[in-house]
Amino acid sequence: MAWLYLFVAGLFEVGWAIGLKYTNGFTRLVPTLFTGASMVVSLGLLGLALKSLPVGTAYAVWTGIGTIGTAILGIALLGEPAGALRLACISLIVAGIVGLKLVSA
């Protein structure tokens, strides 16, 4: 169950990271509320996952999911570049997350 909490926490991290772009410096109410709620849910679920996962593993996976999701949505929604080297680097992060899952309980 801890891994599920961690995965969902990572998805909410993507939500608040992308949400920050849409808050326009916290001047837009609805995106700001969404971003704040996403932060609270993300950290809450990370806290639940940390009850049984090592902090180093959980934090690395949480930030990795956030990084990957934010980079992909940056490409898809915000027109950020999607060059081969950038995609290869994202793939390395995916490999790191998979590796941490494989060596963790």
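Since this is a predicted model, take the numbers as computed values, not measurements.
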Cluster overlap Trp16 with Tyr22, hydrophobic side-chain contacts below 4.5 Å: no
Minimum-distance pair of heavy atoms, taken over all atoms of Thr57 and Ser104: CG2-OG, 3.3 Å
Over all atoms of both residues, closest heavy-atom pair of Leu50 and Val55: CD2-CA, 3.5 Å
Nearest heavy-atom neighbours spanning Ile97 and Gly64: CD1-C, 3.5 Å
Passing candidate, side-chain contact (heavy atoms from CB on, under 4.5 Å) with Thr35, options Val30, Ile18, Thr23: Thr23
For Ala2 against Ala49, the heavy-atom pair lying closest together: O-CB, 3.5 Å
Ile65 with Leu102, same ILVMFWY side-chain cluster at under 4.5 Å: yes
Within residues 58-79 or reaching into it, pairs that qualify as side-chain hydrogen bond (donor to acceptor under 3.5 Å, both in side chains) - sequence neighbours excluded: Ser42-Trp62
Nearest heavy atoms of Tyr5 and Leu45, plus distance in Å: O-CB, 3.7 Å
Shared hydrophobic cluster, Trp3 / Leu43 (ILVMFWY, side-chain heavy atoms < 4.5 Å): yes
Which atom pairs, one a donor and one an acceptor, fall under 3.5 Å between side chains of residues 71-84 and the rest of the protein, sequence neighbours left out?
unit_1 : atom_1 : unit_2 : atom_2 : d
Glu80  : OE1    : Arg86  : NH2    : 3.1

Same apolar cluster (I L V M F W Y, side chains within < 4.5 Å links), Leu100/Phe7: yes
Minimum heavy-atom distance between Thr27 and Asn24, given as atom pair plus value: OG1-O, 2.6 Å
Joint cluster assignment, Ile68 & Leu85, ILVMFWY side-chain distance < 4.5 Å: no
